[in-house]
Amino acid sequence: MKKRSSLLLLLAVLFGVLPSQAQEFSPEKPPFQKYQNSAWVDSVMTTLSPDERIAQLIMVAAYSNRGADHKKEILKLIEEQKIGGVIFFQGDPATQVRLMNDYQEASKVPLLGAIDAEWGLGMRLDNTINYPFQMALGAIQDNELLYKMGVEVAKQIKRTGLHLNFAPVVDVNNNPNNPVINYRSFGEDKFNVADKSIAYMRGMQDEHLLTTAKHFPGHGDTDTDSHYSLPQINHPLVRLDSLELYPFKKIMEAGIGGVMVAHLDIPALDTTGVPSTLSKPIISGLLKETLGFEGLIVTDAMNMKGVTNGNLPGVVDKDAILAGNDLLEFTEDVPKAISEIRKAINAGLISQKEVDQRVRKILAVKQWVGLNEYEPVSPKDIMDDVNNPEAVLLNRKLVEASLTVLKNENNMLPIRELHELKIASVSFGAKKKTAFQEALSLYAEVNHFRLPVDASEERVQEVREKLAGYDLVIGGIHDQSKFPRNSLKLSSEAQDLITELSGKKNSIFTFFKNPYVLNKIDGIENSEALIVTYQDTENAQELAAQLIFGGVSANGKLPVSVGDKFKSGDGLEVQGGIRFSYTLPEEVGMDSKMLNHHIDSLMNQAITVKATPGGQILVAKDQKVIFHKAYGEHVYHDTIKVKKDDLYDLASVTKISTSMAALMKLYEEDKFELDGTLADHLPKFKRSNKSDIPFTDILTHQARFQPWIPFWKNTLRKNGSYRWWTIKKDSSARYPIKITENMYLHRNYPNKIVKAIRKSPLREEKEYVYSDFFFILAPRVVESRTEEDFPTFLENSFYGPLGATTMGFNPEYPKNKIVPTEHDYAFRHEPIHGTVHDEGAIMLGGVSGHAGLFANANDLAKLLQMYLNMGEYGGKRYLKEETLKKFTKRQFPDSDNYRALGFDKRRPNSKGVVNNTAPDASQASFGHTGFTGIMVWMDPEVDLLYIFLSNRVSPTRENHRLYQLDTRTEIQQVLYDAMKKNVQKTDKEEIEVKEG
């Protein structure tokens with residue numbers, strides 16, 4: 001005792017003269033302290049026997065995945081030993097709630113429920129959110145996000161019936177080889193660690209969840225895991241005070257409620273060699289007296305080898321109490337612990353008064369968290385509550401904010417000129433296509449390769465040779481476990497390939513591992529672009545891909561140093577927002593539950609009544625894709641489910657996706673004039689009845705053209721056979737136009753189609769009548785002013801630079817990636833699959849300006865978002881803003897014609913009822929529909945893009961149920977309803993704030 005007393009005096013003197021301690025440090029009172037002498041605490045104390053008071057200091061481990069025997073064991077400890085609390089480990093939320101309710105019912109005094117949830121409930125409970133590990137959080141520059149995380153973590157923990165989180169970790173991780181803290185730390189910078197810890201703590205405690213700073217006095221500079229043995233920290237007092245203790249002092253100043261003491265041997269603080277958990281100089285001397293901490297002091301788990309080696313259960317718990325701890329976590333032998341502590345009281349080693357003071361502290365915590373008015377927690381809807389969309393979105397925001405760009409030579413990020421690059425990706429350490437690679441493919445055509453951890457030298461060489469033909473290689477280096485260990489298991493051959501690729505131009509590496517591992521890969525710092533995500537989650541992979549292509553930004557800073565390669569604080573800002581980001585509706589203020597429920601219901605109804613076999617729906621707001629789903633099957637009773645990357649026949653949406661894109665570009669180049677005529681571009685029309693009709697009338701469908709001509713019927717005789725000069729079974733120079741595998745059209749037939757249009761009579765009245773005629777001619781008009789054929793012009797001018805890789809005519813994809821349309825019994829006499837549904841378009845070789853384009857919703861969205869952005873996308877301007885505004889506005893507002901130039905507009909009927917769009921679509925909105933069941937619509941007033949792709953014509957065009965149900969516009973209205981709901985919610989919140 002004399003030795004310890006002298007050491008305690010030495011500590012007081014030393015710490016007292018240190019500048020950081022002299023006058024500046026003044027810990028805030030813990031939030032629960034005001035209740036230590038409350039009426040409720042007094043009333044409980046009077047009911048407790050001496051041993052029951054000791055039991056309040058004990059917390060045992062509980063599990064919600066261990067069955068009835070374990071439950072009986074815990075109930076016995078509660079009923080017989082009257083323990084003060086439980087700490088839950090593995091299991092699931094609903095079972096945990098039910099167990100905690102049962103345990104509370106059996107307890108004389110409400111139990112304090114705790115959990116280790118450093119990164120949220122996902123640290124312990126199945127199917128719950130895993131927020132980023134603290135090292136990733138250490139990279140974030142906006143500490144408000146950590147506060148919000150604290151709030152959400154607290155809500156989730158409380159929802160599961162608990163009251164105390166053994167977090168945050170405030171250890172400064174200044175040892176890269178630390179096997180137990182490492183990625184659980186905010187980093188090596190003590191200021192950053194303190195600031196992040198305080199933000200996280202405040203978020204939790206503002207929601208009345210008590211927190212504990214751990215692992216006092218600092219577990220960061222060890223290379224030993226205290227779970228297995230006792231680590232030793234050999235630093236002088238000055239160093240410990242200025243570095244290890246700094247975040248603890250700051251978080252105490254900020255008012256943290258608790259501190260957890262580590263199992264450490266720190267000779268500078270206690271020369272006896274006992275674990276800090278059992279050290280009176282460290283706990284009573286340093287923590288309580290010198291630092292003045294009056295909050296809850298908790299031991300680290302009392303089953304860890306760092307404290308149990310050489311110490312018996314029960315006895316070790318008594319020693320922890322004598323050292324100054326208030327709460328024993330994970331006591332292994334409760335009766336023995338109570339007995340040993342009672343003996344210590346009887347022997348005068350600790351007084352009953354001291355024990356009572358600690359009991360009062362624990363009871364005060366219980367009152368602060370609301371246990372004085374305890375009510376059981378309902379398990380109903382608990383999974384929805386703990387995994388609510390706002391929490392899921394916050395998780396994505398945290399990951400996004402942590403993204404750290406360590407290299408970005410020549411501003412490679414974000415990638416811009418997609419059409420100039422042949423891109424490959426390699427996932428190192430992955431056996432199958434990764435979420436990273438899937439996300440890369442949302443932006444451009446990327447060929448993917450994989451090299452698993454044990455990739456052979458032959459496989460590595462095979463990939464090396466294939467990569468030689470690419471302009472850009474994107475490497476993803478993946479972890480092999482849920483936790484980002486400081487280890488690298490890739491074969492030396494795979495590592496050599498990383499080194500080799502890093503030394504070449506146009507290499508981007510994304511590191512989905514612990515950043516310390518960067519020091520183990522030679523030359524990776526030479527790559528032109530290097531991104532660190534800190535861990536290998538689906539969120540990290542998706543957002544890293546979005547960063548590479550400019551969907552999101554990056555401003556994270558490295559929280560630790562990596563050898564001589566990178567220093568703590570390194571990190572470059574990269575501005576995103578130039579292309580789509582893929583996120584949740586909540587990010588744009590829309591309700592994901594509402595959208596999913598209503599849209600799913602409407603689509604399932606349409607599929608059930610056979611209005612369409614399936615479909616794709618994509619919704620983007622503010623250039624963020626917030627809803628993208630595939631429904632149903634390719635055809636009824638099919639085994640092929642619709643996937644989000646399947647291609648659909650866009651039918652008349654081809655008009656605005658091909659003809660109008662080309663014409664607007666030519667208009668800007670003074671190669672196309674709206675007051676010009678067909679005769680100006682097509683000489684054969686000079687002497688026709690259409691020679692002097694201006695394009696303004698043509699593009700608004702008031703040129704008096706006939707609606708259509710069934711060109712295919714002219715190939716048939718009266719008996720239904722084909723005219724001898726029109727179609728043959730085999731292809732030849734004269735019959736090169738493929739209709740089906742056994743049908744080839746005469747080479748002159750496209751000219752006959754043009755001739756038929758030229759000779760067709762005009763309608764009597766100049767009024768709106770929708771017609772395909774001009775759009776059939778549009779490719780010829782475009783080609784008359786360019787040096788490229790129509791598809792090439794579109795590919796070079798729009799689709800290629802946009803990264804719209806599936807957009808095009810006559811798609812060359814496997815048929816299981818193309819959704820079929822109609823079974824044609826009249827002309828082709830077979831199901832139409834992989835070729836255009838429209839007969840006129842197929843007779844033009846599948847290339848036309850009125851029909852024939854195929855795409856999936858994601859690629860079509862890129863073009864349409866460019867329209868919605870008034871001509872810009874991906875950091876590139878395709879069309880001028882004034883051009884889009886001119887072409888997409890209603891041209892004749894004083895007439896019954898509501899059309900824009902080529903684009904459809906919102907059209908009310910004679911009674912003012914709008915049938916072609918959602919009622920709430922704005923007057924500024926524009927779009928188009930397609931015969932096969934397509935609808936696309938853009939609303940610039942709310943920056944909303946809506947795409948509905950279906951094949952309602954399968955198996956027959958006579959199926960009009962999709963129109964009868966108004967499925968497309970009903971779904972569109974759901975989007976506006978979701979936005980209105982958010983406005984109402986915001987208004988309500990503003991009123992509540994004002995009233996408050």
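In this text, all values refer to a predicted model and were calculated from it rather than measured experimentally.
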Could you check whether any side-chain heavy atom of I508 comes within less than 4.5 Å of a side-chain heavy atom of I415, counting everything from C-beta outward?
yes

May I ask you to say whether R124 pairs ionically with D116, meaning some side-chain N is under 4.0 Å from a carboxylate O?
yes

Do the charged groups of K250 and E253 touch, with an N to O distance under 4.0 Å?
yes

Is the shortest side-chain N to carboxylate O distance from R239 to D221 below 4.0 Å?
yes

Are any non-hydrogen side-chain atoms of Q90 and S64 less than 4.5 angstrom apart?
no

For K504, is there an ion pair with E500 - N to carboxylate O distance below 4.0 angstrom?
yes

Short N-O contact, K407 and E525, less than 4.0 angstrom
no

Would you please indicate if the ring centroids of F511 and Y534 are separated by under 6.0 Å?
no

F428 side chain near L501 side chain, heavy-atom distance below 4.5 Å
yes

Carboxylate-amine/guanidinium proximity below 4.0 Å for E118 and R184:
yes

Please work out which of the three classes, parallel, tilted or perpendicular, describes the rings of F549 and Y443, given edges at 30° and 60°.
parallel

Are the ring centres of Y516 and Y183 closer than 6.0 Å?
no

Under-4.0 Å salt bridge between E244 and K190:
no

Does a side-chain heavy-atom distance below 4.5 Å link I140 with L398?
yes

Before we go on, tell me: are the rings of F191 and F186 under 6.0 Å apart, centre to centre?
no

Are D225 and K305 within salt-bridge range, i.e. N to O under 4.0 Å?
no

Under 6.0 Å between the ring centres of Y131 and W119?
no

Scan H263, H215, H219 and name whichever one has a side chain to side chain donor-acceptor pair (under 3.5 Å) with S226.
H219

